[in-house]
Amino acid sequence: MCTHAHNDHVNVAPALAACYGAPILLHPADAVLWKTVHGLRVPDFWELIDGEDLTVVGTGLQVLHTPGHSPGSVCLYAPELGALFSGDTLFQGGPGATGRSFSDFDTIIASIRDRLITLPEDTAVHTGHGPTTSIGAEAPHLDEWIARGH
């Protein structure tokens, strides 16, 4: 399951899928990035759809489409665990980078405001890089991030 298709998150996805006989899951809006990394020489992926409910090893995950870092960025919310796997959408101290191709600061801010800080404050945020944080720790800083800009 890929939170987005930047190379540092999908380089080994085809090898892992082949090794474990598992599908690759990715939001379709990141197909252009997937093809940039892998071309057409690797297996295709299954599409992650916003609002979709998945079960992984008995744990329910809700797919939240959170574009901005990339067009197809998603976060995976596990309500019963009180956990969010944010990929590169939200980190401790702010939003993910928007300086890469297909990234957009205003879009990532909207994703965080509308999709993430609406989650319970005690939701643990497991980021794609760096330390874990929580919705409650990050939400009060949204206006600071907007003022700071990309």
Side-chain angles (χ1 to χ4, degrees), residues 1-17 23-39 42 45-57 59-150:
M1 199 171 316
C2 305
T3 58
H4 65 288
H6 284 143
N7 62 320
D8 60 325
H9 287 258
V10 300
N11 277 342
V12 299
L16 286 171
I24 298 166
L25 286 78
L26 180 72
H27 191 279
D30 266 7
V32 65
L33 292 170
W34 176 265
K35 289 177 182 166
T36 298
V37 175
H38 293 295
V42 299
F45 55 84
W46 291 2
E47 294 184 357
L48 286 172
I49 306 301
D50 183 48
E52 182 175 17
D53 291 317
L54 305 170
T55 302
V56 177
V57 194
T59 300
L61 296 173
Q62 296 174 359
V63 177
L64 305 175
H65 183 215
T66 54
H69 180 68
S70 73
S73 287
V74 299
C75 294
L76 302 163
Y77 178 48
E80 61 196 69
L81 299 178
L84 178 77
F85 301 92
S86 68
D88 287 2
T89 298
L90 179 62
F91 295 111
Q92 181 182 56
T98 54
R100 296 182 79 158
S101 57
F102 305 103
S103 298
D104 184 76
F105 181 74
D106 292 336
T107 303
I108 201 170
I109 289 295
S111 290
I112 293 168
R113 180 190 62 233
D114 300 341
R115 305 301 309 271
L116 302 185
I117 65 172
T118 60
L119 298 173
E121 287 186 359
D122 62 347
T123 301
V125 179
H126 302 288
T127 67
H129 307 273
T132 294
T133 186
S134 70
I135 294 297
E138 301 306 321
H141 302 287
L142 183 64
D143 289 338
E144 296 169 30
W145 305 335
I146 294 168
R148 180 177 73 200
H150 2 154

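Source: prediction; values computed, not measured.
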Inset, instruction - Step by step, work out the side-chain contact (heavy atoms from CB on, under 4.5 Å) result for Leu76 and Leu84. - result: CA-CA 6 Å; Leu76 302 163; Leu84 178 77; over 6 Å; no

Legend entry - Verdict with reasoning, Trp46 to Ile24, per side-chain contact (heavy atoms from CB on, under 4.5 Å): CA-CA 6 Å; Trp46 291 2; Ile24 298 166; over 6 Å; no

Legend entry - Within-4.5 Å side-chain heavy-atom neighbours: Thr3 and Ser73: no

Legend entry - Test log, rule side chain to side chain donor-acceptor pair (under 3.5 Å), inputs Ser86 and Thr89: CA-CA 6 Å; Ser86 68; Thr89 298; over 6 Å; no

Legend entry - Contacts of type salt bridge (charged side-chain N to carboxylate O under 4.0 Å, His left out), residue Arg148, not counting sequence neighbours: none

Legend entry - Nearest heavy atoms of Phe91 and Gly96, plus distance in Å: CE1-CA, 3.4 Å

Legend entry - Pairing of Asp30 and Lys35 as salt bridge, 4.0 angstrom limit: no

Legend entry - Rounded distance [0.5 Å steps], CG in Leu26 versus CD in Glu47: 9.0 Å

Inset, instruction - Determine whether the side chains of Asn11 and His38 contain a donor N or O and an acceptor N or O closer than 3.5 Å. - result: no

Inset, instruction - Look up atom OG1 in Thr118 and atom CD1 in Ile135, then write down how far apart they are to the nearest 0.5 Å. - result: 8.0 Å

Legend entry - Nearest-0.5 Å distance that lies between atom NE2 in His27 and atom CG in Leu33: 12.5 Å

Legend entry - Donor on one side chain, acceptor on other, His126 and Thr132, under 3.5 Å: yes

Inset, instruction - Go through the steps to decide whether Val125 and Phe85 satisfy the test side-chain contact (heavy atoms from CB on, under 4.5 Å), and finish with yes or no. - result: CA-CA 6 Å; Val125 179; Phe85 301 92; over 6 Å; no

Inset, instruction - Dump the intermediate steps for side-chain contact (heavy atoms from CB on, under 4.5 Å) on Arg113 and Ile108, then the final yes or no. - result: CA-CA 9 Å; Arg113 180 190 62 233; Ile108 201 170; over 6 Å; no

Legend entry - Over all atoms of both residues, closest heavy-atom pair of Arg100 and Asp8: NH1-OD1, 3.7 Å

Legend entry - Atom CD of Gln92: over 12 foreign heavy atoms under 6.0 Å: yes

Inset, instruction - Measure across Ile117 and Leu142 and return the closest heavy-atom pair with its distance rounded to 0.1 Å. - result: CD1-CD2, 3.8 Å

Inset, instruction - Could you tell me which non-hydrogen atom of Leu48 sits nearest to which non-hydrogen atom of Cys2, and how far apart they are? - result: CD1-O, 3.8 Å

Legend entry - Side-chain heavy-atom pair Leu25, Phe45 within 4.5 angstrom cut-off: no

Legend entry - Minimum-distance pair of heavy atoms, taken over all atoms of His69 and Ala97: ND1-O, 2.7 Å

Legend entry - Reported CD-to-OG distance for the pair Glu121 and Ser134, which is rounded to 0.5 angstrom: 8.0 Å

Legend entry - Shortest non-hydrogen separation from Pro67 to Ser111 and the atoms involved: O-OG, 2.6 Å

Legend entry - Spacing of CG belonging to Leu90 relative to SG belonging to Cys75, to within rounding of 0.5 Å: 7.5 Å

Inset, instruction - Would you mind telling me which of Leu64, Val63, Val74 makes a side-chain contact (heavy atoms from CB on, under 4.5 Å) with Glu52? - result: Val63

Legend entry - Straight-line distance of His6 NE2 to Phe102 CZ, nearest 0.5 Å: 8.5 Å

Inset, instruction - Would you confirm whether His65, through its side chain, and Pro71, through its main-chain N or O, come within 3.5 Å as a donor-acceptor pair? - result: yes

Inset, instruction - Kindly state each residue pair satisfying side chain to side chain donor-acceptor pair (under 3.5 Å) with at least one member in residues 137-147, sequence neighbours excluded. - result: Thr133-Glu138, His141-Glu144

Inset, instruction - Would you confirm whether Ser103, through its side chain, and Gly99, through its main-chain N or O, come within 3.5 Å as a donor-acceptor pair? - result: no

Legend entry - By side chain to side chain donor-acceptor pair (under 3.5 Å) - contacts of Asp104 (at least two apart): Thr107

